[in-house]
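Below is one structure, written out as structure tokens; comments come after it.
The chains referred to below are lettered A, B, ... by the order of the sequence lines, with proteins before strands, and numbering in each begins at 1.
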2 protein chains.
Amino acid sequence: MGYERREATGDSTSLHLPLYKTEPALRPNGCAQCEIRHLTICSAFESNQVGHIEQLMNRRELSEGQSLFEEEGDAQYAYNLIEGTIRLYKLLPDGRRQITGFALPGDFLGLSSHGHYAYSAEAVSGAVLCRFKGADLQRLFRNFPMIEHRVLSMANDELAAAQDQMLLLGRKTPMEKVSSFLLTLSARLVRNTRNHDELTLPMTRNDIADFLGLTVETVSRTFSKLRSAGIIALPTPDHVRISDRPRLMAVASGGPAI
Amino acid sequence: MGYERREATGDSTSLHLPLYKTEPALRPNGCAQCEIRHLTICSAFESNQVGHIEQLMNRRELSEGQSLFEEEGDAQYAYNLIEGTIRLYKLLPDGRRQITGFALPGDFLGLSSHGHYAYSAEAVSGAVLCRFKGADLQRLFRNFPMIEHRVLSMANDELAAAQDQMLLLGRKTPMEKVSSFLLTLSARLVRNTRNHDELTLPMTRNDIADFLGLTVETVSRTFSKLRSAGIIALPTPDHVRISDRPRLMAVASGGPAI
DNA sequence: CGACAGTTTGATGTGTTTCAATGGCCGTGG
DNA sequence: CCACGGCCATTGAAACACATCAAACTGTCG
């Protein structure tokens, strides 16, 4: 970035909506049937123990663009994402935005050690989450150290991902950024798709730009270059097929430019 | 970054040295007298309990430029930094370097959930550390959940710092980057200096550049601009006096350029 | 004193941003 | 059904901020 600043064009329509709508009654399947339990903090429990967690939890649904919480806000709740994609971001006073990550099903968000959220979170598309009260979580940690152990392990993974992202933001070229992004996303979406090389991007080019520290135009141009080099195909703007993974990997790690 | 790459000029002399030298006998003062205990994971213990941790720990000293561990290496040990500064960094295949953070006394490094270090670590200047075997730590966590709780809290703080750094790397101008860097460092060094506005930079311009995603030249020029604007003074290259903190803060958060 | 490493400053180049315009898709409404 | 408007993605042209290249300067150490 640098140069002149531009206002973030994030869905301003979605701001200032009610923070969430609770639907405690809507819980068709219990935690025991939860398909992604093994990915979440709940994996620290055996199937017959999830009751301990189930009674502390509320289900929450978000529609596209809806805000879950905002940076600096009181961190009263933490969340387990069950379905959908959430963008986590920070803003500068003049509106420049940095997306620090995209949460996918199984991810745990909102834990803070200072009682204030470190970033804002809003739904990229429709999303379903489990909500926990911070105080309940602390009690859970005391009673079941396995849970805290699991959360620490997830925090460590997040930290490693953050360090990878710092390397990307600080030292990679746009070509390397976009290629790395596609490969990382493809790896994270493995569970959702039969074919690892077919991915549906839930987020816009603008989101990708704000995640990679680029402008929309540069992201778009880079996609186009990858397409005309035969490395990816773009049936639609949000549908990417990786047609030459080895070359994509080569480009991602600083190989010969396109 | 972008454009043509340049080799990282990190102290290549320091690579391939023995990873560390153990000096288990040299422990003049026990943990009970440790001046920075309240900053470390050890703060979870009362003074009379530190014996539990003391017997698991080895003291380690590093000389300037010496490597503590390398990315991808077997994460056998974790460390508590007692004295000095450590740079944590990742490299790209062609030598580009991103410093992901500078560890200061009280910081805890090397914990990994996968058994491999996520980054390399080497001493910026002489350093003293306490070393723990990973397996011992796990046992400690089981026996004293307070310790694990403390580590989780520190991991959360690190994560928040990493997110701030992503915002800096992806969306701030060089001027904002350098100003933010000085302010953040000044806040972290508070314990060391009587005057918050006098700081001694332990690291080189090159380190700062690799931390901020810039080149040495840009960092140097930015320091010069801040100096000629009367915002900082530079008695020597590594001695910074913040002479107009309010303006430095304004510049750091996107205020009018210099 | 000379060698060296780090810092600073100057001149030049260029890749990404910025500015601008077009095209595609979709929901809405005449 | 088609026209319209809005949003998003794409593409082109131009500007410029930071990188690159180059050289001078500083302090330190042998």
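Partners of B/Lys225 by salt bridge (charged side-chain N to carboxylate O under 4.0 Å, His left out), not counting sequence neighbours: none found.
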Under 3.5 Å, which protein N or O atoms sit close to an N or O of nucleotides 7-12 of chain C? Give each pair with its distance.
unit_1 : atom_1 : unit_2   : atom_2 : d
C/dT7  : OP1    : B/Arg205 : N      : 3.2
C/dT7  : OP2    : B/Arg205 : N      : 3.0
C/dT8  : OP1    : B/Arg205 : NH2    : 3.3
C/dT8  : OP2    : B/Arg205 : NE     : 2.7
C/dT8  : OP2    : B/Ser220 : OG     : 3.0
C/dT8  : O5'    : B/Ser220 : OG     : 3.2
C/dT9  : OP1    : B/Arg227 : NH2    : 3.4
C/dT9  : OP2    : B/Ser224 : OG     : 2.3
C/dG10 : N7     : B/Arg221 : NH1    : 2.9
C/dG10 : O6     : B/Arg221 : NH2    : 3.1
C/dA11 : N6     : B/Arg221 : NH2    : 3.4

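As rounded to whole Å, 16 Å separates atom C1' of D/dA19 from atom CG of B/Leu212. If you take CD1 of B/Ile208 and C1' of C/dG6, they are 12 Å apart, rounded to a whole angstrom. Atom CG in A/Leu169 sits roughly 16 Å away from atom P in D/dC18 (whole-Å rounding). The interatomic distance linking A/His239 (NE2) with D/dA9 (P) rounds to 16 Å, in whole Å.
The aromatic rings of A/Phe69 and A/Tyr117 lie parallel to each other, with less than 30° between the two planes, well short of the 60° mark.
Put simply, the residue from A/Arg97, A/Arg87, A/Arg205, A/Arg96 that forms a salt bridge (charged side-chain N to carboxylate O under 4.0 Å, His left out) with A/Asp210 is A/Arg97.
Residue pairs meeting the side-chain hydrogen bond (donor to acceptor under 3.5 Å, both in side chains) criterion with at least one partner in residues 228-237 of chain A, sequence neighbours excluded, are A/Thr236-A/Asp238.
A salt bridge is defined here as a Lys NZ or Arg NE, NH1 or NH2 lying under 4.0 Å from an Asp or Glu carboxylate O, and B/Arg171 with A/Asp94 fails to meet this definition.
Rounding to the nearest 0.5 Å gives a distance of 10.0 Å between CD of A/Glu61 and CD of A/Gln66.
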